[in-house]
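This report concerns only the one structure given below.
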2 protein chains.
Amino acid sequence: MLSSPKKRAARPTKLPTKRPGPAGGARDRNRQATQQRLAAAALALFLERGTAAVTIDEIVARAGMAKGSFYRYARDKADLVAQILAPVIAETTGALDRCERALQVGRQGTLAAIYLTLARELSVMVAQQAACVLLYLQEARSPASAAPPAIQDLADRLTSRTIALTEIARDHGLIRAVDPEVSALAVLGATEAMLFAHLRGLRAPSATVPRVTAALVDIVLRGIGLQPRV
Amino acid sequence: MLSSPKKRAARPTKLPTKRPGPAGGARDRNRQATQQRLAAAALALFLERGTAAVTIDEIVARAGMAKGSFYRYARDKADLVAQILAPVIAETTGALDRCERALQVGRQGTLAAIYLTLARELSVMVAQQAACVLLYLQEARSPASAAPPAIQDLADRLTSRTIALTEIARDHGLIRAVDPEVSALAVLGATEAMLFAHLRGLRAPSATVPRVTAALVDIVLRGIGLQPRV
DNA sequence: TGAAAGCATGACTGTATAGTCACAACATCC
DNA sequence: GGATGTTGTGACTATACAGTCATGCTTTCA
């Protein structure tokens, strides 16, 4: 006590950033479990009714905890959204980073394979984080001041880096020489639309996922590929 | 006062549906002007911050009228959104209707032109109703209970009818024989993404509109067109 | 085992908001 | 120009919500 006369002065609107000592102790486990319950409850509600319409009271009610506890795990609703989307953002950014790095050192013959690796990595991520991806798709087009910043961040990053990757592909002669912004937006738009229909379960193609994926890839490659038009 | 003991019994939650006599009189003009002011103020706010985040108080403040007046022109916020989107819904539905009807009576050689007419009509509508279309795009992926019903309606109708039209095109051999749900979602997704980038003004292709449109049409036609893959 | 500190709780506060209503102002029509 | 009914007004109510806090509980660790 004597060494910390005012310990709350330097914490204007912060979460309790410090964890107590035990790395795998009961406290740590409890904390993680509560965190999970909170995130799961919030995610379910966000998908049902949109982030804007869901209240803190509803989240804690579904998570089965008191309202005060919410504020030990998140600063506010937007912060909780950021926590929920963090894995998706990290994995997406990582896959894009790896792709760009590989493109810088790759030789002409191996470039197409690098893009395929990106596609595969993102597919795995989407399959594993389906609910989070749906949350992103559902809110990505909200105005800047409406959606939580985390969602805007991801949307901006995804678009700009897709354009950059498309530009590289064009410069290497992997696709036709059209405005990379146009081809990137077209590919991203088509992919997201298909994904959204599938994840939301509305009007999704009735064929199996591998079949739909193959059909989409075929359409995209024809659309932006090298083949001359007859 | 004495002659009207109970005049409000038969009006549970209705708007004043009856207009007073004069067709082009001062009252009619005032009413239409107020309606316009309200819709314009609301639309601007909806685009800035999303329908969910905008309050009635803000709308009437920007429209420069008292709160009570709002409820003479709309039942609630969702009803106002429906009014704002009504022209877009009507024109879109009309263009789709005309296209379907034309396809039923058209001969093989004229079918492609019918789809082009649809595209042209929708383009004109988008150009004239840019703000409303942006509102639709911005909210179309919200969960059913979050977005105003009018937006959900339009989204559902647009998707299902695009699929139907794509199916007809495939059956007539205008495009390749792939699952029409896949090609329809791909085309719609690509188009909406481009449109959204353009209308929102974010990361829109820097080329001119006709040039971008031509590039997109080219990509789409290559993607779903008949040409065999080399 | 007991002191120390994170952790959980839910009642509480202040504020923001949807929707109402009694009344004033106005257009209409005779 | 006055009777009649519509339109405009803004204060008002009831409610719902975000965020706080004093209190008691659990874990930690010596």
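Every chain is numbered from 1, with letters handed out A, B, ... down the list of sequences. As the structure is a computational prediction, the values presented were derived from the model and not from experiment.
Note: CG (B:L38) to C1' (D:dG8) measures 13 Å, nearest angstrom. One atom, CD of B:Q35, and another, C1' of D:dT6, lie 16 Å apart when rounded to the nearest Å. When the P atom of D:dG19 is taken as reference, atom CG of A:L80 falls 12 Å away, rounded to whole Å. Rounded to whole angstrom, the span from the CG atom of A:N30 across to the P atom of C:dG6 amounts to 16 Å. As rounded to whole Å, 11 Å separates atom P of D:dA16 from atom CD of A:E58.
Residue B:T34 places at least one side-chain N or O under 4.0 Å from the OP1 or OP2 atom of D:dG8. For D:dT6, neither phosphate oxygen OP1 nor OP2 lies less than 4.0 angstrom from any side-chain nitrogen or oxygen of B:R31. Between B:Y71 and C:dC21 there is no side-chain polar atom (N or O) within less than 4.0 angstrom of OP1 or OP2.
Less than 4.0 Å separates DNA chain C from at least one heavy atom of each of the following residues of residues 47-57 of chain B: B:T55, B:I56, B:D57.
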Using a cutoff of under 3.5 Å, can you pull out all pairs of nitrogen or oxygen atoms linking the protein to nucleotides 9-11 of chain C, with atom names and distances?
{"residue": "C:dT9", "atom": "OP2", "partner": "A:A66", "partner atom": "N", "Å": "3.2"}
{"residue": "C:dT9", "atom": "OP2", "partner": "A:S69", "partner atom": "OG", "Å": "3.4"}
{"residue": "C:dG10", "atom": "O6", "partner": "A:G68", "partner atom": "N", "Å": "3.4"}

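Distance alone, capped at 3.5 Å, places no donor-acceptor pair between the A:Q152 side chain and the A:A147 backbone.
Applying the 3.5 Å distance criterion, the base of C:dT28 shares no donor-acceptor pair with the side chain of B:R27.
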